[in-house]
Protein chains: 2
Amino acid sequence: MEHSEEIFTILKVHHLRLTKTRKALIGIFFLHETPLSARDILRELCEVHRAVNKTTVYRELERLQKIGIIGTVRLGDRKQYYELAAREHHHHLVCLKCEKVENIMLDEKKLKEEAKRAAAVKNFLTLRHSLEFFGLCKMCN
Amino acid sequence: MEHSEEIFTILKVHHLRLTKTRKALIGIFFLHETPLSARDILRELCEVHRAVNKTTVYRELERLQKIGIIGTVRLGDRKQYYELAAREHHHHLVCLKCEKVENIMLDEKKLKEEAKRAAAVKNFLTLRHSLEFFGLCKMCN
DNA sequence: TGACAAACGCAACTCAGTTGCGTTACGATG
DNA sequence: CATCGTAACGCAACTGAGTTGCGTTTGTCA
Ligand SMILES: [Mn+2]
Ligand SMILES: [Mn+2]
Ligand SMILES: [Zn+2]
Ligand SMILES: [Zn+2]
């Protein structure tokens with residue numbers, strides 16, 4: 001939790017208080033390198049710390065997202081997943097059998113060029129992209 | 001609706017009957033080149049044809065997906081979107097302002113190579129991928 | 001035309017996420 | 001340390017997408 005210091009500074013700038021729940025929630029993100037759902041976070045919060053309400057978790061995730069501490073990912077189901085925004089840009093391998101998620105690092109230079117070319121044809125200004133892979137993990141294939 | 005003929009054959013093979021609703025629903029897919037949500041389909045079905053129940057729409061979409069007539073896409077919200085599987089492999093530009101969706105064709109050779117290399121490191125067998133772009137459309141930027 | 005399975009409608013349900021509102025507590029200021 | 005404004009909180013009720021069970025209707029084929 002060494003990186004937390006600069007996060008606490010960001011919080012202060014945005015007039016966000018250092019509540020117990022918030023500190024614990026941010027701590028959880030540092031314990032996991034793959035994306036977490038609101039439910040994952042709620043469970044871990046309630047196991048390790050005292051009971052927290054789901055509304056609090058959702059509102060907190062929204063706030064942290066708004067100030068750029070965390071980002072969101074979609075992994076094929078109806079849930080939203082969250083991960084630290086500070087981590088380097090990457091994508092995900094999602095196992096269709098055991099649902100395990102792994103991070104994957106890609107050289108996206110070629111992809112970006114190609115996407116830019118194709119989007120320009122439609123006069124579309126690309127701001128973000130989402131790229132995820134689905135298949136079978138080491139254990140499941 | 002000329003391509004429908006071969007679809008009707010596929011239906012027969014799978015012992016799926018040619019009901020009015022099913023015929024109408026498949027017809028709707030030929031009228032749109034971008035993905036449709038269950039709600040979109042329900043609305044259009046009820047406007048153009050007689051009232052249809054949402055359960056019927058969901059069950060029908062599942063059946064058509066199972067036999068490979070339609071495929072599903074995720075476009076960033078919680079909904080599932082459906083489009084004809086017969087169309088050539090492509091991706092989507094999603095406008096963050098007006099929510100319009102456009103198809104985009106990419107040369108994915110480089111991407112596939114790169115993804116294969118990266119997935120191999122983790123012994124992951126990739127079966128599908130999802131790649132969507134978010135930004136501002138011609139009208140909105 | 002009758003029988004059988006596929007398809008249907010309806011109501012009740014799940015699950016993720018949201019909203020309104022009254023209460024609690026962080027932290028700045030004196 | 002006491003006070004006070006606002007951020008944060010819990011709770012209950014709600015939304016919207018999708019699912020399930022069950023009894024009824026309808027398409028297909030003999
Ligand atoms: Mn990327
Ligand atoms: Mn593709
Ligand atoms: Zn697996
Ligand atoms: Zn737009």
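Naming convention: chains lettered A, B, ... in sequence-line order (proteins, then strands); numbering from 1 in each chain.
Between B:Asn53 and C:dC8 there is no side-chain N or O to OP1 or OP2 distance below 4.0 Å. Of the side-chain N and O atoms in A:Arg59, none sit less than 4.0 angstrom from OP1 or OP2 of D:dA8. Contact check, A:Arg39 against C:dC15: no side-chain N or O comes under 4.0 Å of OP1 or OP2. Of the side-chain N and O atoms in B:Arg63, one or more sit less than 4.0 angstrom from OP1 or OP2 of C:dC8.
Checking B:Lys12 against B:Arg78, the closest nucleotide of DNA chain D that is more toward the 5' end is the one next to B:Arg78. Each of A:Leu16 and B:His15 has a nearest nucleotide on DNA chain C; the 5'-most of these lies closest to B:His15. Residue whose closest nucleotide on DNA chain D sits further toward the 5' end, between A:Thr19 and B:Thr19: A:Thr19.
Distance B:Leu45 CG to C:dC8 C1': 13 Å, rounded to the nearest Å. Rounded to an integer number of Å, the gap from CG of B:Leu36 to P of D:dG18 is 13 Å. To the nearest angstrom, P of C:dC15 lies 14 Å from OH of A:Tyr81. With rounding to whole Å, A:Lys20 atom NZ is found 12 Å from D:dC9 atom C1'. What separates CZ of B:Arg43 from C1' of D:dG16 is a distance of 15 Å, to the nearest Å. Look at OH on A:Tyr58: it is 15 Å from P on D:dG10, rounded to the nearest Å. The nearest whole Å value for the distance from the CG atom in A:Leu75 to the P atom in C:dA16 is 14 Å. The interatomic distance linking B:Glu60 (CD) with C:dG9 (C1') rounds to 15 Å, in whole Å.
If you check every strand for non-hydrogen atoms under 4.0 Å, A:Thr55 touches a base.
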Would you be so kind as to tabulate the donor-acceptor pairs closer than 3.5 Å made by side chains of residues 66-78 of chain A, with sequence neighbours excluded?
| unit_1 | atom_1 | unit_2 | atom_2 | d |
| --- | --- | --- | --- | --- |
| A:Thr72 | OG1 | A:Gln80 | OE1 | 3.3 |
| A:Arg74 | NE | B:Gly76 | O | 3.0 |
| A:Arg74 | NH2 | B:Gly76 | O | 3.3 |
| A:Asp77 | OD1 | A:Lys79 | N | 3.1 |
| A:Asp77 | OD2 | A:Lys79 | NZ | 3.3 |
| A:Asp77 | OD2 | A:Tyr81 | OH | 2.8 |

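Residue B:Lys54 places a side-chain atom within donor-acceptor reach of the base of D:dG18, judged by atom type and a 3.5 Å distance cut-off alone. Side chain B:Arg17 to base C:dA7: no donor-acceptor pair is found below 3.5 Å.
Of the candidates C:dC8, C:dG17, C:dG27, the closest approach to any side-chain atom of A:Leu18 belongs to C:dG27. Of all nucleotides listed (D:dG10, D:dG18, C:dG17), C:dG17 comes nearest to the side chain of A:Ala38. Closest approach to the B:Thr21 side chain among C:dA7, C:dC8, C:dC15 is made by C:dC8 (side chain taken as heavy atoms from C-beta onward). The A:Lys79 side chain lies nearest to C:dG17 when the options are C:dG17, C:dA7, D:dG18.
Looking only at side-chain heavy atoms (C-beta outward), A:Leu25 and A:Tyr82 stay at 4.5 Å or farther from each other. Put simply, the side chain of A:Arg22 reaches to within 4.5 Å of the side chain of A:Glu60, judged on heavy atoms. Side-chain contact between A:Lys20 and A:Arg50 is present, with at least one heavy-atom pair separated by less than 4.5 Å. Looking only at side-chain heavy atoms (C-beta outward), A:Glu44 and A:Leu31 come within less than 4.5 Å of each other.
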- Report the C-alpha separation of B:Lys23 and B:Leu18 in whole Å, then their side-chain angles, then the decisive distance to 0.1 Å, and conclude whether the side chain to side chain contact (heavy atoms under 4.5 Å, CB included) test is met. CA-CA 6 Å; B:Lys23 215 189 290 191; B:Leu18 203 54; 3.8 Å; yes

